[in-house]
There are 2 protein chains.
Amino acid sequence: MKEFIYDNKIYYSPIEFAMAHIGGTWKIPILLCLRKGSTRYGDLKKAIPHISDKMLFTQLRELEDKEMLTRQSFLEKPPRVEYQLTEKAKKALPVIDQMNTYGIFLMKEMGVFTE
Amino acid sequence: MKEFIYDNKIYYSPIEFAMAHIGGTWKIPILLCLRKGSTRYGDLKKAIPHISDKMLFTQLRELEDKEMLTRQSFLEKPPRVEYQLTEKAKKALPVIDQMNTYGIFLMKEMGVFTE
DNA sequence: CGGTATCCTTCTTGATACTG
DNA sequence: CAGTATCAAGAAGGATACCG
């Protein structure tokens, strides 16, 4: 597999490319919350309590730039914004689920129990 | 899902835990090379030319600490060291393959072609 | 409500050089 | 051959405060 450039960044494998879309600490939790029904900024904050505003903000923008979600803003008072998964993001969900399954396997393997 | 602590580090989901094992830039490429038959430090260097010695060294140690590979050193001249995937790591391979498939899907979607 | 900006710290990665 | 050490640059992440 040859390396390639996308958006001024070099990638050496499809996996690196995939990781740019769903990797890092926050992207998967955000995508999972959106699947579970959260649509608004405040919903996401509640569902992921340990994320800072800055991280939620920057990660949402990155996901939007990568077309993993759409952002629709309504001109109301108080303001309302809705985030939705794109088809591209929905295709990632099975991968994420499998990763989750593997994580649970590892936790059992290492003797990590969660009550 | 409640957060949990393992090895003095806090995790908020099984996915984060899985990512600690196979995430980052280098762990997956290393695991894939070992699957493809590389067993020695030099083999890995050749198969992943853009990795620095420091990164290869530190990532191998981390993977060893996490029991994703075994390191067997032979007292010969010149020295010989062999790395092998553990069962735990082999269980990650389907996840990695699916991630690869998703990466290829994304590349096609974004119009990234590799000759 | 839903951001956005600034500053600062910490973690990750890279370059380089040296060793048993 | 297979590391190991040191230094530095850059990216990622957290704290805090303010805005439309």
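Keep in mind that this is a model prediction, so the values were computed, not measured. In the text below, chain A, chain B and the rest are named by the order of the sequence lines, each starting its count at 1.
Residues A:Gly103 and B:Phe17 approach most closely at O-CD2, 3.9 Å, considering heavy atoms. The minimum heavy-atom distance between A:Thr58 and A:Met55, with the atom names listed, is OG1-O, 3.2 Å. The two residues A:Ile10 and A:Glu3 have their closest heavy-atom pair at CD1-CG, 3.9 Å. Scanning all heavy atoms of the two residues, the minimum distance from B:Thr39 to B:Leu34 falls at CA-CD2, 4.3 Å. Considering all non-hydrogen atoms of both residues, B:Ala18 and A:Leu106 come closest at CA-CD1, 4.0 Å. Taking every heavy atom of both residues into account, B:Lys45 and B:Ser52 meet most closely at NZ-C, 4.3 Å.
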Where do B:Arg40 and B:Asp43 land on the side chain to side chain contact (heavy atoms under 4.5 Å, CB included) test, with the steps shown first?
CA-CA 5 Å; B:Arg40 304 182 59 175; B:Asp43 294 341; 3.6 Å; yes
Run A:Leu93 and A:Leu85 through side chain to side chain contact (heavy atoms under 4.5 Å, CB included) and show every step you take.
CA-CA 10 Å; A:Leu93 295 173; A:Leu85 295 179; 4.2 Å; yes
Steps toward side chain to side chain contact (heavy atoms under 4.5 Å, CB included) verdict (B:Asn100, B:Ile96):
CA-CA 6 Å; B:Asn100 191 56; B:Ile96 293 172; 5.6 Å; no
Given B:Met110 and A:His21, is the side chain to side chain contact (heavy atoms under 4.5 Å, CB included) satisfied, shown in steps?
CA-CA 12 Å; B:Met110 323 294 268; A:His21 287 76; 4.0 Å; yes
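Judged as a side chain to side chain donor-acceptor pair (under 3.5 Å), and not counting sequence neighbours, the contacts of A:Gln59 are A:Lys27. With sequence neighbours excluded, the residues forming a side chain to side chain donor-acceptor pair (under 3.5 Å) with A:Tyr41 are A:Asp53, listed by chain and number. Partners of A:Gln72 according to the side chain to side chain donor-acceptor pair (under 3.5 Å) rule, which considers only residues two or more places apart in sequence or in another chain, do not exist here.
Sorted by first then second residue, the salt bridge (Lys or Arg N to Asp or Glu O under 4.0 Å) pairs that include residues 70-84 of chain B, not counting sequence neighbours, are B:Glu76-B:Arg80, B:Arg80-B:Glu82. Screening residues 56-101 of chain B for ring pair (Phe, Tyr, Trp, His ring centres under 6.0 Å) gives no qualifying pairs among residues at least two apart or on separate chains. Pairs engaging residues 84-103 of chain A under the salt bridge (Lys or Arg N to Asp or Glu O under 4.0 Å) rule: A:Arg35-A:Asp97, A:Glu67-A:Lys88, A:Glu87-A:Lys90 [sequence neighbours left out].
Within residues 66-85 of chain B, the residues having any heavy atom closer than 4.0 Å to DNA chain C are, in order of number, B:Pro79. Remark: B:Lys54, B:Met55 in residues 43-59 of chain B come within less than 4.0 Å of DNA chain C through at least one heavy atom. For the contact set between residues 27-35 of chain A and DNA chain C, defined by any heavy atom under 4.0 Å, there are no members.
Protein chain A contacts DNA chain C over a range whose 5' and 3' limits, counting nucleotides with an atom under 4.0 angstrom from a non-hydrogen atom, are C:dC1 to C:dC7. The footprint of chain B on DNA chain D, defined by a heavy-atom cutoff below 4.0 Å, extends from D:dC1 to D:dC7.
Figure legend: cation-pi geometry between B:Lys9 and B:Tyr6 absent, as NZ or CZ is not positioned both under 6.0 Å from the six-membered ring centre and within 45° of its axis.
Overall bending of the helix from C:dC1-D:dG20 to C:dG20-D:dC1, expressed as the angle between end axes built from five pairs apiece, is 50° (10° steps).
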